[in-house]
Asks: 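Supplied in structure tokens, the structure appears directly below.
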Amino acid sequence: MSEEKSLNFIEEIVEADLKSGKYSSIVTRFPPEPNGYLHIGHAKSICLNFGLALKYGGKTNLRFDDTNPVTEDTEYVDSIKDDVRWLGFEWAEERYASDYFEQLYGFAVQLIQKGLAYVDDSTSEEIAMQKGTPTQPGTNSPFRDRSVEENMTLFAEMRDGKYKDGEKVLRAKIDMGHVNMHMRDPIIYRIKHAHHHRTGDTWCVYPMYDFAHGQSDAIENITHSVCTLEFIPHRALYEWFIEQLGIFPSKQYEFARLNMTYTVMSKRKLLQLVNEGFVNGWDDPRMSTISGMRRRGYTAPAIREFCDRIGIAKRDNLIDVGLLEFCVREHLNKIAVRRMVVFDPLKVIITNHNGETEMLSSENNPEDLNAGNRDIPFSNELFIEKDDFMEVPSKKYFRLAPGQMVRLKSAYIIRCDEVVKDAVGNITELHCTYIPESKSGSDTSGINVKGTLHWVSAKHAVHAEVRLYDRLFKVEDVGNAEGDFKDHINTDSLEVIPNAFAEPALAMDSAEDRYQFLRKGYFCLDKDSTPEKLVFNRTVTLKDTWAKEQKKS
RNA sequence: UGCCCGAUAGUAUAAGGGUAGUACAACUGAUUUUGGUUCAGUAUGUCUUGGUUCGAAUCCAGGUCGGGCAACCA
């Protein structure tokens, strides 16, 4: 049991900090802004942050970074909590940056008193001009040298609602010539007469991210504040505030965010897909959201496994969505019960069978014998998949063809004797004979066949709607593709089979079940399903080497 | 043209001065009452140029390439 899994660079830092005695235990946090649903990229961050605390003994807070009331909403808070729990993690404490508004305001006052912050009357355009450019230093605001007393008065008046949105801001007084743009007197408070989802109308001044995040970390004694690469330039500011305020020295570490092929990961783009009707809501099974994946039938262990396999590093990456699908199949193969469902039926008449219903037994899961067996009715009228018959079979085709034999899974071997067609020449049914001695489990026929097909008895079949999903985008790297990302949407990403034929056992299972429809893929019950009308989502297909073989020719 | 971050098979990720490994993907084959699963195997990689060293993916220097940095967003 020497599974010596190598550490990622953040684990190395944590281990070093623990070993050196800098900390005796760690505290991390997952800090979403409640302005959208969580996606698989957040899952990576969740697994990292919660995983660290789990691995090294510590705790993780869930903290909502709710400093911008105009975009945030409790709907998102609720969905985020659901998703984190569903992924299998428990937070030590549920916190909100808005819990700290009074404290944060106090920090701002401290800065003013130290002469390190000032109220600026410049317009946003003027402030942008003052910033300079990455290659040119900025210039001081004409309001930069207001007295402490004047700043105190003005800032208090801002809080009291004396000014309109945008009329004044509070800025940190650092260095307009700094090479780091974020250190050029960043805005730390702005006026927004807006209703906040938690504090209501108590406040009309709100701190900026940079003046809330690090301080919130410090308040919570976060030891390792892990975020994505784009915050690297913010680190200097993060540390500057902590130092000037003399508060707990949380440290920020950055890793590369997840990018995945054939999908988008930004909340802005996901929101657009929802608002403009390209998908049916945040939990549409084609979305990269956690809730979408959940509805699609992805399991939490599979997503956790995926996050574990992709690793943590600092270089930009584009992960093959195939790896996620692999993890999903890997888990589902172990837990899904097998059922037979025919999507595109072709009728088969067994001419030498008397038509009486015969109950056959089949294993629920060959990977897990404890899953038991279920009964399947067999009779003289069956459906098989149209794909599973070829009048003129191609070379390596070993399904049904005139004169050929195949096994029906868990039933009998049949031979195709006659192809029946309508006036136009379409195949309407097949007449076959079955080999009574070839019954599954007690086969004395001595016949060997290469193909095994799934099937259902026509008169016992239950009806179901099946929704087949494909990738939402046609190009691998959507983020770097030419033009608007919506130009690359795959318009065939949803195919609905309104009336598939399923074996009766399927009607008696529960919503939590995961299925493998034999030779078709993994499926789960959709929330639209009712006892009168079953609706299934295809979670992921089975690996299909036959399709690959066909593509070659 | 300033500053910051990065560069290892197709895609990710290890190796922390001493045999370049693992996973997914690809390809061969075996097994199979799912063209699934499982098993065995094959091919493919250190951005570049110098330097240090007995020895460099690793340390140093220059270059190249990719990404980021100027929202009253987070």
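All chains are named by letter (A, B, ...) in the order of the sequence lines, taking the proteins before the strands, and each is independently numbered beginning at 1. What you see below is based on every heavy atom in this structure, not just the backbone, and it leaves out hydrogens, waters and symmetry mates.
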Asks: What integer number of Å spans the C1' atoms of C73(B) and C59(B)?
Replies: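 My reading of the C1' atoms in C73(B) and C59(B) gives 42 Å.
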
Asks: Find the distance L271(A):CG to C73(B):P and express it as a whole number of Å.
Replies: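 My rounded result for the distance is 17 Å.
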
Asks: With N8(A), which residues qualify under side-chain hydrogen bond (donor to acceptor under 3.5 Å, both in side chains), at least two apart?
Replies: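 Listed in chain order: E11(A).
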
Asks: At under 4.0 Å between heavy atoms, what does Y209(A) touch on the DNA or RNA strands: base, sugar-phosphate, or nothing?
Replies: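 Base contact.
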
Asks: For Y412(A) together with F378(A), are the ring centres under 6.0 Å from each other?
Replies: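 Ring centres of Y412(A) and F378(A) closer than 6.0 Å.
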
Asks: Distance check needed: A74(B) P versus L104(A) CG, whole Å only.
Replies: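 Atom CG in L104(A) sits about 12 Å away from atom P in A74(B).
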
Asks: When the C1' atoms of A7(B) and U46(B) are compared, how many Å lie between them, rounded to an integer?
Replies: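 One C1' to the other, the span is 10 Å.
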
Asks: Have a look at R144(A) and tell me which of Q130(A), R171(A), M176(A) forms a side chain to side chain contact (heavy atoms under 4.5 Å, CB included) with it.
Replies: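 Single pass found, and it is M176(A).
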
Asks: Using the P atom as the point on both nucleotides, what is the distance between U49(B) and C24(B), in whole Å?
Replies: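 Pairwise P distance, C24(B) against U49(B), rounds to 33 Å.
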
Asks: Measure the distance from CG on D210(A) to C1' on C72(B) and round it to the nearest whole Å.
Replies: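 For the pair D210(A) CG and C72(B) C1', the rounded distance is 13 Å.
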
Asks: May I ask you to check whether H197(A) and D73(A) show a side-chain donor-acceptor distance below 3.5 Å?
Replies: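 Result is no, nothing qualifies.
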
Asks: I would like to know whether Y100(A) and E220(A) meet side chain to side chain donor-acceptor pair (under 3.5 Å); could you show each step before the answer?
Replies: CA-CA 10 Å; Y100(A) 312 134; E220(A) 295 174 27; 2.5 Å; yes

Asks: Could you encode protein contacts along nucleotides 1-14 of chain B as a string, one character per nucleotide from 5' to 3', using B for base contact, S for sugar-phosphate-only contact and - for no contact, with a heavy-atom cut-off of under 4.0 Å?
Replies: -B-S-SSB--SSBS

Asks: With R198(A), which residues qualify under salt bridge (charged side-chain N to carboxylate O under 4.0 Å, His left out), at least two apart?
Replies: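 With neighbours one apart ignored, the set is D99(A).
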
Asks: How would you list, by chain and number, every residue that makes a side-chain hydrogen bond (donor to acceptor under 3.5 Å, both in side chains) with R29(A), sequence neighbours excluded?
Replies: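 side-chain hydrogen bond (donor to acceptor under 3.5 Å, both in side chains) list for R29(A), sorted by chain: H213(A), S225(A).
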
Asks: Considering residues at least two apart in sequence or located in another chain, which fulfil the side-chain hydrogen bond (donor to acceptor under 3.5 Å, both in side chains) criterion with T74(A)?
Replies: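 Expected list: none.
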
Asks: Return the set of residues passing side-chain hydrogen bond (donor to acceptor under 3.5 Å, both in side chains) with D368(A) (not counting sequence neighbours), or none when no residue passes.
Replies: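 For D368(A) there are no side-chain hydrogen bond (donor to acceptor under 3.5 Å, both in side chains) partners, ignoring immediate neighbours.
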
Asks: When all nucleic acid strands are considered with a 4.0 Å heavy-atom cut-off, which category describes H178(A): base, sugar-phosphate, or nothing?
Replies: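 No contact at all - H178(A) keeps every heavy atom at 4.0 Å or more from the nucleic acid.
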
Asks: Could you tell me how far apart H234(A) (NE2) and A70(B) (C1') are, to the nearest whole angstrom?
Replies: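 Checked: the NE2 to C1' distance equals 11 Å.
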
Asks: Does the gap between the ring centers of F536(A) and F517(A) come in under 6.0 Å?
Replies: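 Here the rings of F517(A) and F536(A) have centres that are less than 6.0 Å from each other.
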
Asks: Below 4.0 angstrom from OP1 or OP2 of C69(B), is there any side-chain N or O of K131(A)?
Replies: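 So the side chain of K131(A) is outside the cut-off, no N or O lying under 4.0 Å from OP1 or OP2 of C69(B).
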
Asks: What residues form a salt bridge (charged side-chain N to carboxylate O under 4.0 Å, His left out) with E330(A), not counting sequence neighbours?
Replies: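 Applying salt bridge (charged side-chain N to carboxylate O under 4.0 Å, His left out) to E330(A) gives R309(A).
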
Asks: In whole angstrom, give the distance that lies between atom CZ of F326(A) and atom P of A23(B).
Replies: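 That distance rounds to 10 Å.
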
Asks: Using a 4.0 Å heavy-atom cut-off, does S266(A) contact any base of the nucleic acid, only the sugar-phosphate backbone, or nothing at all?
Replies: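 Since no nucleic acid heavy atom lies under 4.0 Å of S266(A), the category is nothing.
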
Asks: Residues in salt bridge (charged side-chain N to carboxylate O under 4.0 Å, His left out) with D83(A), at least two apart?
Replies: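 Here the qualifying residues are R294(A).
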
Asks: Hey, does F231(A) reach any base, or is it just sugar-phosphate, or nothing, if we go heavy atoms under 4.0 Å?
Replies: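 It contacts base atoms.
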
Asks: Using the C1' atom on both, measure U8(B) against G45(B) and round to a whole Å.
Replies: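 About 6 Å, rounded to a whole number of Å.
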
Asks: On a whole-Å scale, what distance lies between the P atoms belonging to A14(B) and U33(B)?
Replies: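 Rounded to whole Å, the distance is 42 Å.
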
Asks: Between the protein and nucleotides 45-48 of chain B, list every N/O to N/O distance that falls short of 3.5 Å.
Replies:
none

Asks: I need a per-nucleotide contact map over nucleotides 32-40 of chain B, read 5' to 3'. Cutoff is protein heavy atoms under 4.0 Å; write B for the base, S for backbone only, - otherwise.
Replies: -BBBBS---

Asks: For nucleotides A74(B) and C3(B), find the distance between their C1' atoms and express it as a whole number of Å.
Replies: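 After rounding to an integer number of Å, I get 23 Å for this pair.
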
Asks: Measure from CD on E33(A) to P on C73(B) and round the result to the nearest Å.
Replies: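 Atom CD in E33(A) sits about 10 Å away from atom P in C73(B).
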
Asks: Distance between the C1' atoms of G21(B) and A15(B), in whole angstroms?
Replies: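 That atom pair is separated by 7 Å.
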
Asks: Rounded to whole Å, how long is the line connecting atom CE of M129(A) with atom P of A71(B)?
Replies: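 My rounded result for the distance is 14 Å.
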
Asks: Would you check if there is a donor-acceptor pair between the side chains of R257(A) and N317(A) at a distance under 3.5 Å?
Replies: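 No - no donor-acceptor pair under 3.5 Å links their side chains.
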
Asks: If I pick the P atom on A12(B) and the same atom on G51(B), what distance separates them, to the nearest angstrom?
Replies: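 Roughly 33 Å separates the two P atoms.
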
Asks: Under the rule for salt bridge (charged side-chain N to carboxylate O under 4.0 Å, His left out), what residues qualify as partners of K520(A), not counting sequence neighbours?
Replies: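 In terms of salt bridge (charged side-chain N to carboxylate O under 4.0 Å, His left out), with neighbours along the sequence ignored, K520(A) is linked to E385(A).
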
Asks: For RNA chain B, what are the stems built from at least three Watson-Crick or G-U pairs in a row, each pair having both distances below 3.5 Å?
Replies: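 Stem list for RNA chain B: B:2-7 with B:64-69, B:10-13 with B:21-24, B:26-30 with B:38-42, B:47-51 with B:59-63.
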
Asks: Decide if the gap between the ring center of F143(A) and the ring center of Y118(A) is smaller than 6.0 angstrom.
Replies: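 Not under 6.0 Å, so no.
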
Asks: Just checking T261(A): base, sugar-phosphate only, or nothing, at a heavy-atom cut-off of under 4.0 Å?
Replies: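 It contacts nothing in the nucleic acid.
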
Asks: Using modelled atom types only, decide if a donor and an acceptor are shared between the side chain of W455(A) and the backbone of K409(A) within a distance under 3.5 Å.
Replies: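 Confirmed, W455(A) side chain pairs with K409(A) backbone.
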
Asks: In whole angstroms, how far is the C1' atom of A74(B) from the OH atom of Y238(A)?
Replies: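 Going from Y238(A) (OH) to A74(B) (C1'), I get 15 Å.
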
